[in-house]
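Below is one structure, written out as structure tokens; comments come after it.
Along the sequence shown, residues are numbered consecutively beginning with 1. For the numbers below, each heavy atom of this structure counts, side chains included, while hydrogens, waters and symmetry mates do not.
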Amino acid sequence: MIETLIITICWVIILDQLHFWDEISTSIKSMMTGGKMKSPIDIKPFNCSTCMSFWTNLAYIIVTNQFSVQMILYILLLSWTTPIINAVFSFVKNLILKVINIISDFLKI
């Protein structure tokens, strides 16, 4: 069960924190249009951490023979909490940046 949580956290980091899909799809769209359009392509499930978390975890529980109603409900719950996980990561990142700013102001760097 911890593996599915790790998979969900990885997707939140890759898609929501690093904006990996936005960068890749913007580059693809820019190349396809000769640089005229520079907005990300919106293709579900690849740009959605909730979708990617669910489908990847579903494939994982099928491959590892853990398929059950309880596991389906667990991965649905994990997928549903991806915005909360993203908010926690954003809070921690902002907190760390704030502490670094306070320390640099104190040390006058």
Side-chain angles (χ1 to χ4, degrees):
M1 287 178 69
I2 193 75
E3 295 89 0
T4 55
L5 176 61
I6 292 169
I7 290 170
T8 300
I9 289 172
C10 288
W11 280 122
V12 168
I13 290 171
I14 291 169
L15 295 176
D16 294 337
Q17 294 292 314
L18 299 177
H19 302 285
F20 180 75
W21 175 256
D22 292 340
E23 297 295 325
I24 297 295
S25 66
T26 300
S27 299
I28 292 170
K29 190 173 185 179
S30 179
M31 286 188 303
M32 290 174 61
T33 61
K36 294 179 182 174
M37 300 176 89
K38 295 186 178 184
S39 60
I41 301 169
D42 188 28
I43 303 174
K44 299 274 188 210
F46 301 111
N47 62 333
C48 175
S49 61
T50 303
C51 303
M52 288 302 289
S53 170
F54 174 75
W55 290 112
T56 308
N57 282 325
L58 182 64
Y60 177 79
I61 66 170
I62 290 171
V63 168
T64 58
N65 292 327
Q66 297 178 15
F67 190 80
S68 66
V69 173
Q70 292 85 3
M71 283 303 289
I72 295 284
L73 292 174
Y74 178 68
I75 65 171
L76 283 171
L77 178 67
L78 280 177
S79 299
W80 181 67
T81 60
T82 56
I84 298 167
I85 295 169
N86 185 31
V88 168
F89 278 126
S90 294
F91 174 77
V92 170
K93 180 178 77 171
N94 291 332
L95 181 65
I96 290 170
L97 290 174
K98 188 73 167 172
V99 169
I100 289 171
N101 285 335
I102 290 171
I103 291 171
S104 67
D105 287 343
F106 179 74
L107 297 176
K108 296 185 185 349
I109 297 176

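Under a 3.5 Å cut-off, the side chain of Thr56 and the backbone N or O of Ser53 do not form any donor-acceptor pair. Panel note: side chain Glu23, backbone Trp21; no donor-acceptor pair is recorded below 3.5 Å.
Separation of atoms CG (Asn47) and NE2 (His19) is listed at 12.0 Å; rounding is to 0.5 Å. Taken to the nearest 0.5 Å, the CZ atom of Phe67 stands 4.0 Å off from the CD1 atom of Ile72. For the atom pair CD1 (Ile61) and OG (Ser68), the distance works out to 6.5 Å, reported to the nearest 0.5 Å. Leu58 contributes atom CG, which lies 9.0 Å from atom CG of Leu76 (distance to the nearest 0.5 angstrom). With rounding to the nearest 0.5 angstrom, the CG atom of Leu5 is 6.5 Å from the OG1 atom of Thr8.
Side-chain N/O atoms of Thr82 and Trp11 include no donor and acceptor closer than 3.5 Å.
By the side-chain hydrogen bond (donor to acceptor under 3.5 Å, both in side chains) test, Ser25 pairs with no residue at all, sequence neighbours left out.
Minimum interatomic distance between Asp22 and Thr26 (heavy atoms only, all atoms of both residues): O-OG1, 2.6 Å. In this structure, Gln17 and Lys93 approach most closely via the heavy-atom pair OE1-NZ, 4.2 Å.
Under the 4.5 Å side-chain heavy-atom criterion for grouping Ile, Leu, Val, Met, Phe, Trp and Tyr, Val69 is not connected to Val63 through any hydrophobic cluster. Residues Ile84 and Phe89 do not share a hydrophobic cluster, clusters being chains of Ile/Leu/Val/Met/Phe/Trp/Tyr side chains in contact below 4.5 Å. Note: the hydrophobic cluster containing Val88 does not contain Ile7 (ILVMFWY, side chain heavy atoms under 4.5 Å, direct or indirect links). Following chains of ILVMFWY side-chain contacts shorter than 4.5 Å, one cannot reach Ile24 starting from Met31, and the two form parts of different hydrophobic clusters. By the rule that hydrophobic residues join a cluster once side-chain heavy atoms approach within less than 4.5 Å of another member, Tyr60 and Leu77 end up as members of separate clusters.
With Ser49 as reference, Asp16 is the one residue of Ile9, Asp16, Asn86 to meet the side chain to side chain contact (heavy atoms under 4.5 Å, CB included) rule.
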Which donor-acceptor pairs under 3.5 Å do the side chains of residues 100-107 make with protein atoms, sequence neighbours left out?
unit_1: Asn101; atom_1: ND2; unit_2: Leu97; atom_2: O; d: 3.4
unit_1: Ser104; atom_1: OG; unit_2: Ile100; atom_2: O; d: 3.2
unit_1: Ser104; atom_1: OG; unit_2: Asn101; atom_2: O; d: 2.9

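By the 4.5 Å heavy-atom criterion applied to side chains, Met52 and Ser79 are not counted as neighbours.
For Tyr74, the OH atom counts as densely surrounded, since its 6.0 Å shell holds more than 12 non-hydrogen atoms of other residues, nucleotides or ligands.
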Item to complete: Evaluate the criterion side-chain contact (heavy atoms from CB on, under 4.5 Å) for residue pair Trp80 and Thr50; output intermediate values, then yes/no.
Response: CA-CA 7 Å; Trp80 181 67; Thr50 303; over 6 Å; no
